[in-house]
Amino acid sequence: MYEASEWRREGDTIRRTVVARDFRTAIAIVNDIAEQAEALNHHPDIDIRWRTLHLALTTHDAGGLTDLDYKLAARIDAIVADHESGKS
Ligand SMILES: C[C@H](O)[C@H](O)[C@H]1CNC2=NC(N)=NC(=O)C2=N1
């Protein structure tokens, strides 16, 4: 199972904080996450504070964590890496 160091376990959720370079980049990251969330039909909780995103994943339907959470986490990591490296 996928376990990224960026994600921390809190109860029935995994959480990651992302600090983007600016607000526009934070929103662009959210838009990219939205695409993947729709593709997987799995949707993160997202709290936007200026350029900081607090992301939380859990599977409400199952009452805990599932492979879908780790799959979406991996896709979010790829999106964030792309934005950090200036690829998107
Ligand atoms: C009916 C639909 O499949 C469910 O409501 C989906 C939608 N997106 C979801 N997203 C997340 N994160 N957890 C869920 O349990 C969930 N359930």
Side-chain angles (χ1 to χ4, degrees):
M1 199 188 266
Y2 182 84
E3 289 277 2
S5 57
E6 303 278 3
W7 294 85
R8 59 191 185 278
R9 177 77 187 259
E10 255 177 59
D12 283 347
T13 70
I14 50 172
R15 293 172 186 271
R16 177 177 178 177
T17 298
V18 174
V19 182
R21 86 176 68 83
D22 53 27
F23 182 68
R24 280 181 187 283
T25 304
I27 296 303
I29 289 170
V30 168
N31 273 319
D32 287 353
I33 291 172
E35 290 297 321
Q36 293 305 318
E38 286 292 275
L40 292 173
N41 189 28
H42 200 65
H43 305 86
D45 293 344
I46 306 176
D47 179 51
I48 304 169
R49 306 279 165 123
W50 180 32
R51 63 191 182 99
T52 299
L53 304 174
H54 298 282
L55 305 163
L57 300 176
T58 190
T59 305
H60 309 282
D61 295 356
L65 290 164
T66 63
D67 282 350
L68 261 184
D69 295 302
Y70 293 97
K71 196 166 181 178
L72 183 55
R75 292 190 183 191
I76 289 172
D77 287 346
I79 288 165
V80 172
D82 279 356
H83 282 274
E84 280 172 346
S85 71
K87 260 191 264 167
S88 47

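Whatever order the structure lists ligands and atoms in, that order sets their numbers, starting from 1.
- Residue-level contacts of ligand 1 at the 4.0 Å heavy-atom threshold are N41, H42, H43, T58, T59, H60, D61.
- H43 and E38 share a side-chain donor-acceptor pair at under 3.5 Å.
- In summary, of the residues considered (E10, R9, R15), a side-chain hydrogen bond (donor to acceptor under 3.5 Å, both in side chains) with T13 occurs for R15 alone.
- Applying the salt bridge (charged side-chain N to carboxylate O under 4.0 Å, His left out) definition to pairs two or more places apart or across chains, those involving residues 42-61 are D47-R49.
- Scanning for side-chain contact (heavy atoms from CB on, under 4.5 Å) contacts around V30 gives I46, I48, L53, with sequence neighbours left out.
- Remark: T58 engages no residue in a side-chain hydrogen bond (donor to acceptor under 3.5 Å, both in side chains) (not counting sequence neighbours).
- Annotation for D69 and I14: closest pair O-CD1, 4.1 Å, computed over non-hydrogen atoms.
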